[in-house]
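Quick notes on the structure that follows.
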Amino acid sequence: QKEVEQDPGPLSVPEGAIVSLNCTYSNSAFQYFMWYRQYSRKGPELLMYTYSSGNKEDGRFTAQVDKSSKYISLFIRDSQPSDSATYLCAMRGYSSASKIIFGSGTRLSIRP
Amino acid sequence: DAGVIQSPRHEVTEMGQEVTLRCKPISGHDYLFWYRQTMMRGLELLIYFNNNVPIDDSGMPEDRFSAKMPNASFSTLKIQPSEPRDSAVYFCASSHGQGRANEKLFFGSGTQLSVL
């Protein structure tokens, strides 16, 4: 079993829809949770990060962490065609020396 | 800053040949990471350096893979001999590791490696 599980998609939604992307994990030592966005033929770029449980909002994006369920989510409101990309969840333990483990990514397409 | 710079952008080689991938991290970043991305396995960490010193190379798949960081502004990942199963996109990333900043990885655009 992988430490981090993510549905690969693809996920296709119409412009303006609310998008929900999710990951589950098995390692209870994970404390930092990140979402990276990767456009085609580019490297991933950090979108949001949160520490421990709770919500964090940044514009149209909301990251949610439920440590009791080992489940994290990224919500995109008012989705735009420019949001079409692969979204990778990532997480690591408390120590700055702990490795960042990535999910396999969910491919998202927003239809105009 | 130009960001993390990787070269070459694409590499096509024949099985058995030596391949060298290059990376220039962002100036001032003290962590450097090499990742490999495939459809089957996703993004896998191969090795990472802190202040030019290799810290964890447990992700390096075999002895055919080696990585060096001779100075703070340059790193190489070498595959010798290359095999078709090494075909993947190889990413270099850097970060500034103080405090909680280590999760903010800055990735290069990657090297698409095809081994025929």
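Below, read A as the first sequence line, B as the second, and so on, with proteins coming before strands; counting in each chain starts at 1.
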Just wondering, more than 12 heavy atoms not from B/Asn71 lying within 6.0 Å of its CG? yes
Measure B/Leu45 against the heavy atoms of chain A and call it side chain, backbone, both or neither at under 4.5 Å. side chain
Should we count NZ of A/Lys56 as having more than 12 external heavy atoms under 6.0 Å? yes
Verify same cluster id: B/Trp34, B/Tyr31 (apolar side-chain graph, 4.5 Å): no
So do A/Arg41 and B/Arg9 actually touch side chain to side chain, heavy atoms under 4.5 Å? yes
Has A/Tyr36 got a side-chain atom pairing as donor or acceptor with B/Leu105's backbone, closer than 3.5 angstrom? yes
Closest non-hydrogen atoms of B/Phe91 and A/Gly43, given as atom of the first, atom of the second and distance, are CE2-CA, 3.3 Å
Residues, nucleotides or ligands: over 12 heavy atoms within 6.0 Å of B/Lys68 NZ: no
Calculate, to the nearest 0.5 Å, the distance between atoms NZ and OH belonging to B/Lys104 and A/Tyr32 respectively. 11.0 Å
Interchain contact, B/Met40 with chain A, by part (heavy-atom threshold 4.5 Å): backbone
More than 12 foreign heavy atoms under 6.0 Å from CD of A/Glu15: is that the case here? yes
Check the surroundings of atom CZ in B/Arg64: do more than 12 heavy atoms from other residues, nucleotides or ligands lie under 6.0 Å from it? yes
Are any non-hydrogen side-chain atoms of A/Lys99 and B/Ser58 less than 4.5 angstrom apart? yes
Side-chain heavy atoms under 4.5 angstrom apart, residues restricted to Ile, Leu, Val, Met, Phe, Trp, Tyr: same cluster for B/Ile79 and B/Phe33? no
Nearest 0.5 Å, please: how far is OG in A/Ser104 from CE in B/Met39? 9.0 Å
Among B/Cys92, B/Ser109, B/Gly59, who wins on heavy-atom pairs under 4.5 Å with chain A? B/Ser109
Is any side-chain heavy atom of B/Gln37 closer than 4.5 Å to one of A/Leu88? yes
Are B/Ile47 and B/Phe107 in one and the same hydrophobic cluster, where Ile, Leu, Val, Met, Phe, Trp and Tyr link if side-chain heavy atoms are under 4.5 Å apart? no
Tell me, side chain or backbone of A/Gln38 under 4.5 Å from chain B's heavy atoms, or both, or neither? side chain
Euclidean distance, A/Ile100 CD1 relative to B/Tyr35 OH, rounded to 0.5 Å: 5.0 Å
